[in-house]
Structure formats: C-alpha cells, structure tokens
Amino acid sequence: MPELPEVETTLRGISAHVLNSPISRINIRNAQLRWPVPADLASHLLNQSITQVRRRAKYLLLSTDTGTLIIHLGMSGSLRIVTPGIAYDKHDHVELCFANGKAMRLKDPRRFGAVLWTSDPAEEHPLLNHLGPEPLSDAFNADYLYPLSRKKNVAVKQFIMNSKIVVGIGNIYANEALFASGIHPQRAAGKISRQRYENLCIKCKQILEQAIAQGGTTLKDFVGGTGQPGYFKQELQVYGRSGQPCMQCSKPLKEVRLGNRSTVYCTHCQK
DNA sequence: CAGCGCCCCTGCCCGC
DNA sequence: TGCGGGCAGGGGCGCT
C-alpha cells in the first residue's frame, strides 16, 4: 500500500483535477470495500464541488461545503484521474465525474480500502479522532516520543508503526528509518535513549520527505493520481533485501517477523 | 486496558 | 503448464 508518501503523492496528483468543479455523476461499480460504500453518496455529492483536499495519516479527505469524503487506499488502492468513458479496470470501485471533464477512479483489488462520508468535521470521525501526530509535523520529536516510550516493552518498530503514537509510518518506512538510525527493530521502545529517539525522528522525516520527492515507492502496482509510478524503491536500503548485503557493512541482512510484518535489518549496523 | 492474533481480499511468485 | 502455499504496502476488532 500506499504508506504516507504514496498517499501524499496521490493527494498532489489529484488535487488540481478535483477541486472546485461540480460533481456531475457518481458511479459505484462495486460497493464492497472494507465497509460498504454508502449508497447515498450521490445525495451528498452531486452538483457539489470539492473545496478542499487534504491528508490526515493515510486518509484522504475531500471536503465540500456540507461534509467530507474520506478515502483510504488500504493495501492495494490507488486513485487515478482519467477521461470519463475510457474502459474500466477490473477492480475500479468508484468513479466521480466532474464538470471539468475529468473523472477520478478508485481501484482497489484487495478491497482493504474505504470510501466513507461524514457530515461532521472529519477529524472527529471515529477512524481519525484517536490518531497521533503527523510524522512530518513539528509535534513529532523526541520531546513527544521519548516520554511516551518509557516503560513500554513493545518493540520499537511496532511502537513507531502504532497510529496512536504517530501516524503514517508503515512497514517499508519503519524498516528504513530504523536502519538509517542504527536501531535494532526488536529493541524495547522503553530502552532507547532520548538522543536516539531524536535521531529516529529526524530520520523518519528525512526518509518520508525523500520518498515523497520521488513520488513514493512502487513495489508492484502503486501509481500516483496521474498514473505515474514512484521511484523510491531504488533508494530502499533494507526493505525487500533480506539476505542481500548491507549497503553499509556488506554483511547479509536478516529478516524476522515482528507483529506479523516482515522486518529486515542489519545485525551489525543496528543495535 | 495493553497487547496480540486474526481477518478482510486478490494477485503474484515460488516450488513441486 | 498447473496448482497449492505463502506472502504482500493496513488496520479494525475481538479476545486474553
């Protein structure tokens, strides 16, 4: 999936095309996602314009004057801007057509994504109201992270992948940030110094920003809003490189499973 | 209540 | 070439 950089890339790709143009038609081709796509979407959106597009965690928030369309891309979702009428892909679920002649299609083969509507401020939605800070915000720093980590036995990788602690850091970038920080992914969160957390925060930001600059990471099928793949894959130091030589010390990278997610690290460079 | 699996689903890759 | 098994970028939820 789309981790934060891929969602941010999608946001930037779709924004200009979907903003401030009345929605002329909505096609729900397959309502089955993580939750059913609301059948009454059209009643909220038809003839309305999207006045704001933003991201919170990995949620895309498209707001009109009366509410917000919440979109999550799950593991395999992508949004594309197309010309209405071109052939649908097999797993195109939802299409919004705009008066400007563009259409936005959500495709999600694995259906772990979501399309929801809320008439309340989106941040108050139950899926969003408990979320931790954005990793690229100033609020994400050692002053915040270090005290939270005290007495926590959970592995640091799981700690930074917990959206109540900080949002948007998924499996790829958790692996990468820990490698860049020289921190062993299985180290207990509570046993890491303030200084190392400071470094970890900086590395998280650097890696996420670098990935955004490259249009995200395309492993298999991710495309940004205008159909382009991301090029950060070639920058990956550890993710997907189990058994291959460490880029720093050449020792073979090790892989373990942590919280059911593949975890790759260097036994020599990460302590 | 923190923490841990399970599970939702399709597709792809690997080994036999 | 076909098929079964395992695994994949997320995260809500139920159970202990």
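This one's a predicted model, so the numbers in the text were calculated from it and none came from an experiment. These numbers come from the heavy atoms of this one structure, side chains and all, not from hydrogens, waters or symmetry mates. Proteins come first, then strands; the chains are lettered A, B, ... in the order of their sequence lines, and each starts at number 1.
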Can you tell me how far [atom2] of [N] sits from [atom1] of [X], to the nearest Å?
{"X": "A/Arg257", "N": "C/dC7", "atom1": "CZ", "atom2": "P", "answer": "6 Å"}
{"X": "A/His72", "N": "B/dC8", "atom1": "NE2", "atom2": "C1'", "answer": "14 Å"}
{"X": "A/Lys157", "N": "C/dG11", "atom1": "NZ", "atom2": "P", "answer": "13 Å"}
{"X": "A/Leu73", "N": "C/dG11", "atom1": "CG", "atom2": "C1'", "answer": "13 Å"}
{"X": "A/Leu33", "N": "C/dG10", "atom1": "CG", "atom2": "P", "answer": "17 Å"}
{"X": "A/Leu127", "N": "C/dG12", "atom1": "CG", "atom2": "C1'", "answer": "8 Å"}

Fill in: Pairing string, 5' to 3', for DNA chain B - Watson-Crick or wobble contacts under 3.5 Å, brackets [ ] where pairs cross, | to another strand
.|||||||.|||||||

Looking only at side-chain atoms of [X], point me to the closest of [options].
{"X": "A/Arg111", "options": "B/dT10, C/dG10, C/dG12", "answer": "B/dT10"}
{"X": "A/Gln158", "options": "C/dG10, B/dC4, C/dG12", "answer": "B/dC4"}
{"X": "A/Arg34", "options": "B/dC8, C/dA8, B/dC4", "answer": "B/dC8"}
{"X": "A/Asn260", "options": "B/dC6, C/dA8, C/dG12", "answer": "B/dC6"}

Practice prompt. Describe the nucleic acid contact of A/Ser163 in one word from base, sugar-phosphate, nothing, applying a heavy-atom distance below 4.0 Å.
Written response: nothing

Item to complete: Give one of base, sugar-phosphate or nothing for A/Phe232, where a contact means two heavy atoms less than 4.0 Å apart.
Response: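 Contact class for A/Phe232: none.
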
Item to complete: Determine, using the 4.5 Å side-chain heavy-atom cutoff (strictly less than), whether A/Leu106 and A/Ile81 are members of one ILVMFWY cluster.
Response: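 Yes: a chain of side-chain contacts under 4.5 Å links A/Leu106 to A/Ile81.
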
Worksheet item: What is the ring orientation for A/Trp117 with A/His44, classed by angle as parallel under 30°, tilted 30 to 60°, or perpendicular over 60°?
Response: parallel

Worksheet item: For the residue pair A/His184 and A/Tyr265, does the interplanar ring angle fall in the parallel (under 30°), tilted (30 to 60°) or perpendicular (over 60°) class?
Response: tilted

Item to complete: First locate atom CD1 of A/Ile212, then atom CG of A/Leu11, and finally report the distance between them rounded to the nearest 0.5 Å.
Response: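 Between A/Ile212 CD1 and A/Leu11 CG, I get 9.5 Å after rounding to 0.5 Å.
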
Practice prompt. For A/Phe112 and C/dG10, say yes or no: do the ring centres fall under 5.5 Å of each other while the ring planes differ by less than 30°?
Written response: yes

Residues, nucleotides or ligands: over 12 heavy atoms within 6.0 Å of [X] [atom1]:
{"X": "A/Lys203", "atom1": "NZ", "answer": "yes"}
{"X": "A/Lys254", "atom1": "NZ", "answer": "no"}
{"X": "A/Gln234", "atom1": "CD", "answer": "yes"}
{"X": "A/Lys205", "atom1": "NZ", "answer": "yes"}
{"X": "A/Asp40", "atom1": "CG", "answer": "yes"}

Discussion item. Any donor-acceptor pair under 3.5 Å linking the side-chain atoms of A/Ser63 with those of A/Thr68?
Written reply: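 There is such a pair between these side chains.
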
Discussion item. Each nucleotide in nucleotides 11-16 of chain B should get exactly one letter: B, S or -. Can you fill that in based on protein heavy atoms under 4.0 Å?
Written reply: SS----

OP1 or OP2 of [N] sitting under 4.0 Å from any side-chain N/O of [X]?
{"X": "A/Ser262", "N": "C/dC7", "value": "no"}
{"X": "A/Tyr173", "N": "C/dG10", "value": "no"}
{"X": "A/Lys58", "N": "C/dG11", "value": "yes"}

Practice prompt. Sticking with atom P, work out how far C/dG14 lies from B/dC9, rounded to a whole angstrom.
Written response: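 Comparing P positions in C/dG14 and B/dC9 gives a spacing of 16 Å.
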
